[in-house]
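Quick caveat, the model's predicted, so the values are computed rather than measured.
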Amino acid sequence: MGDALQNIIMCIKVLVVFWLLFIYVPSKLATFDEESRGKLDRIFISLTHMTFFIIVIVHLLVFAVLYDSVSLAVSLVFLYMAIRRKRIFRRAQGRDGSIPGLLKLMDSVDSFEDFFGLCKSRLKSLFIKAKNSLLLELRLFFTRPFQRLIPAIVIMAASALRFYHAFNHAAFSHIDVYGSLIRLKRLGENAMYSASTEIYPSGSHAVISALSKLSFLDSYWFCRFFGPFCGVLLVLSVYYFALRITGSYTSSLVSLTIYGLMTNASFPSVMFRQTAAMPQEFAAIFILPGLWFFWLYLKTGRKNYLLLYCEALAITVLCHQYATVYLVFWAAIMYLCSLMFIKLDFKSFVHSAGYTFITCVAGMLPMVIGMLLGSSFHKSSFEMVENVMDFRDIFTEFGNWLASGEMSFNPFLESILAITVLLLAGLILYRSRERQALLFSTACTAIAMYLMYRASLILPEQVPELLGPARIGVFAALVFAVYYAVGFMLVKNVIVWIARGLRIEKAGKFAAGIVSIAVCCAVVFFYPPGKPYAGVYEYDSAAENYLRIKKEFPPLDWTIVAPHEQLAQVLSYGRHYQLITFIWDFSLEDAKNPILTCPYQPATFSSTWKKAAAVRARNNRGRRRKGTCAADAGYGHIHAILQGYGAARHPDGQGIAVD
């Protein structure tokens, strides 16, 4: 019960800190036009602004070797003051050049009673406003179930799936999280721009590091709970884009249900990655919002939406370039399709292409600087083209595959083709050229991703892949889920059109809502959600022991003899003695001595594994492979040796057994 309560408290702290810093405070400073004043608009615009500024500020401070809690807080205060000052002088300036609100505050300071009265009235008005807003939300929650109640239930279920591992396991759900934890701690030590550090996009690491610095919480907790929360934000981004494209809550509910609750391998979202703090999934949050900002620029011609798109693009470049590839690819499809339906001048092309190019180049600067300083590339992150062959052979191989009749039916993939047929017929009925452009570009994007994903599955050795099928599926699932909402919107329009002809329009809308719920229930019934697969690369008790040692002993005054996984946790708080090094230096004579000798003193902790922790990792093609965390890391023989020698203990008796 104590561990469960601690997990709940730490999760709440992580989420509250993130919400205040990245959503609530920016929403009070940002400006929102008439096209972007909804709640989801405010969330993603605020998140985009603050994430971009945080990453830039952290990188600048690290480059200047000034990054710590104080310098970060001071930088954010200056940023807040600069934005606030700009807004005050833009909106509150009087005819005589005075600032009425500021003058009123200065006058009230002359008298304590006036100042106290002003604060009291201000708090009272805020309380009344909050109460009225809450009552309104509660009323809408039950009177408009498709806008509030039903999406909230689906989002809570999606959150439960993603947070399940974090609440039930102290160990991380993916091996990459350990590497991320090391990188963000090195970032906190101003060591990103050094020859000993591999070049890797550190945008998501900068975000987690900033949260840890400002909240004074162990970054372990952010790596543990931040990943599932990013998974929930990814679900919200799909719902947000689907809602803006279709303009229908009942249609968007379909995409929300499929992307939020589908754990079956037939749908290629690879949900288990959303249980961990992964740079790729964090960058993917900004793909669909960035695409929507780009569409708003094409629609309105306003530069602020183009800048928002560039901020989202910069975040993907600074976090994970795979997301950048698909955001630029989909934006290019959107622009080309828009040329067919709406009038775009040459200036829009110059601005779109120029801003995109400049943003990508600027986003690569941290890695360029690292390379100039002597850092080496993180090779696996840049091996994007896996197979290269003559393009003429692709069509031959594809034709041979079609003739063989070995095509495996997948309803989630083949429905993309069915929706396209409906959409081509539906485009004739739409009178709005803007709506036609938006739907047609979504169809072209979905078809392109369908062909790309199908080709990677059918001809894995022949097609020159940009990414492996597992990676393609992660990004394809985003646009697939949105396209399902488009397909249901077409069906809903037919139902409403028939009802309107029969003069029972309200009944038609009600019927469309019932059909939407039926579709969602059918998806859940035939593909019941289960616990997302998550690999465990250390025992939970090992991570729990680290937390206990860190709590009970002074910083940097203790050492853990453990495998490489625990190095990420111990770094900056204690010392880590590599287990394999200990085994190499351990002899039979040492086994006779019950006192463990270790280079670091005074407190040394060692662990005994009775057996290696079994995990199932995935190879580079997205298929599972069985093994053990120790054997995969090259420590298979260590466990047998330790079991034969017995548990080594410190003279003070501080030994820890790990079952």
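Heavy atoms only, all atoms of each residue included: Lys185 and Ala568 are closest at NZ-O, 2.8 Å. Between Leu161 and Gly260 the shortest heavy-atom distance is CD1-O, 3.9 Å. Pairing each heavy atom of Thr442 with each of Val479, the nearest pair is O-CG2, 4.5 Å. Scanning all heavy atoms of the two residues, the minimum distance from Cys223 to Val177 falls at CB-CG1, 3.9 Å. Counting all heavy atoms, side chain and backbone alike, Leu327 lies closest to Gly290 at CD1-C, 4.3 Å. When all heavy atoms of Leu318 and Pro366 are compared, the pair lying nearest together is CD2-CG, 3.8 Å.
For the pair Glu311 (side chain) and Phe52 (backbone), a donor-acceptor distance under 3.5 Å is absent. Panel note: side chain Thr359, backbone Ala314; no donor-acceptor pair is recorded below 3.5 Å. Here the side chain of Ser441 pairs no donor or acceptor atom with the backbone of Met334 at under 3.5 angstrom.
Within the 4.5 Å cutoff, the side chain of Ser209 has no heavy atoms near those of the Val58 side chain. Residues Leu181 and Phe172 meet the side-chain proximity criterion, which asks for heavy atoms closer than 4.5 Å. Using a 4.5 Å cut-off on side-chain heavy atoms (C-beta onward), Gln321 and Met364 make contact. A heavy-atom distance below 4.5 Å is not found between the side chains of Leu261 and Val523. Using a 4.5 Å heavy-atom cutoff, the side chains of Ser173 and Phe272 are not in contact. Put simply, the side chain of Met271 does not reach to within 4.5 Å of the side chain of Tyr259, judged on heavy atoms. Here the side chains of Phe163 and Thr275 are not in contact, with every heavy-atom distance at 4.5 Å or above. You'll find the side chain of Arg273 reaches within 4.5 Å of the side chain of Val474, heavy atoms only.
Using modelled atom types and a 3.5 Å distance limit, the side chains of Ser348 and Tyr297 yield no donor-acceptor pair. No side-chain donor-acceptor contact under 3.5 Å links Ser27 and Ser46. Between the side chains of Arg224 and Tyr220, at least one donor-acceptor pair of N or O atoms lies under 3.5 Å.
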Enumerate donor-acceptor pairs with a distance under 3.5 Å from any side-chain N or O in residues 483-492 to protein atoms, sequence neighbours excluded.
| residue | atom | partner | partner atom | Å |
| --- | --- | --- | --- | --- |
| Tyr483 | OH | Thr420 | OG1 | 3.0 |
| Tyr484 | OH | Phe412 | O | 2.4 |
| Lys492 | NZ | Ser248 | OG | 3.1 |

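Checked against side-chain contact (heavy atoms from CB on, under 4.5 Å), Phe526 has the following partners two or more places apart in sequence or in another chain: Ala522. Taking Phe225 as the reference, Phe167 meet the ring-ring contact (aromatic ring centres under 6.0 Å, His included) condition, with sequence neighbours excluded. Listed by chain and number, the residues in a side-chain contact (heavy atoms from CB on, under 4.5 Å) with Lys531 are Tyr164 (sequence neighbours excluded). In this structure Leu236 satisfies the side-chain contact (heavy atoms from CB on, under 4.5 Å) test together with Leu40, Phe44, Ile155, Leu233, sequence neighbours excluded. Shown here are the side-chain contact (heavy atoms from CB on, under 4.5 Å) partners of Ser215, two or more places apart in sequence or in another chain: Val17, Leu217, Phe222.
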_I'd like to know whether Cys319 forms a side-chain contact (heavy atoms from CB on, under 4.5 Å) with Ile55, so could you lay out the CA-CA distance, the side-chain angles of the two residues, the decisive distance to 0.1 Å, and finally the verdict._
CA-CA 9 Å; Cys319 292; Ile55 294 175; 4.0 Å; yes
*Taking it one step at a time, do Thr246 and Val482 satisfy side-chain contact (heavy atoms from CB on, under 4.5 Å)?*
CA-CA 9 Å; Thr246 62; Val482 173; over 6 Å; no
*Determine, step by step, whether Val207 and Met50 satisfy the side-chain contact (heavy atoms from CB on, under 4.5 Å) criterion, reporting the C-alpha distance in whole Å, the side-chain angles of both residues, the deciding distance to 0.1 Å, and the verdict.*
CA-CA 10 Å; Val207 170; Met50 200 62 191; over 6 Å; no
*Using the side-chain contact (heavy atoms from CB on, under 4.5 Å) rule, take Tyr355 and Leu307 through it: C-alpha gap first, then chi angles, then the decisive distance, then the call.*
CA-CA 8 Å; Tyr355 277 63; Leu307 294 177; 3.8 Å; yes
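Remark: Lys39 fails to qualify as a cation-pi partner of Tyr240 under the 6.0 Å distance and 45° angle criteria applied to the six-membered ring. Taking the ring centre of Tyr322 as origin, the terminal cationic atom of Arg471 falls outside the region bounded by 6.0 Å and 45° from the ring axis.
In this structure, Phe146 places its CZ atom where more than 12 heavy-atom neighbours from other residues, nucleotides or ligands lie under 6.0 Å away.
Relative ring orientation between Phe480 and Tyr453 is described as perpendicular, the plane-to-plane angle rising above 60° on a 0-90° scale split at 30° and 60°. Between Phe226 and Phe282, the two ring planes are tilted [angle within 30° to 60°]. Classified by interplanar angle (parallel below 30°, tilted 30° to 60°, perpendicular above 60°), the ring pair Phe18/Phe22 is parallel.
The existence of a salt bridge linking Arg162 and Glu281 is excluded, since no basic side-chain nitrogen approaches an acidic carboxylate oxygen closer than 4.0 Å.
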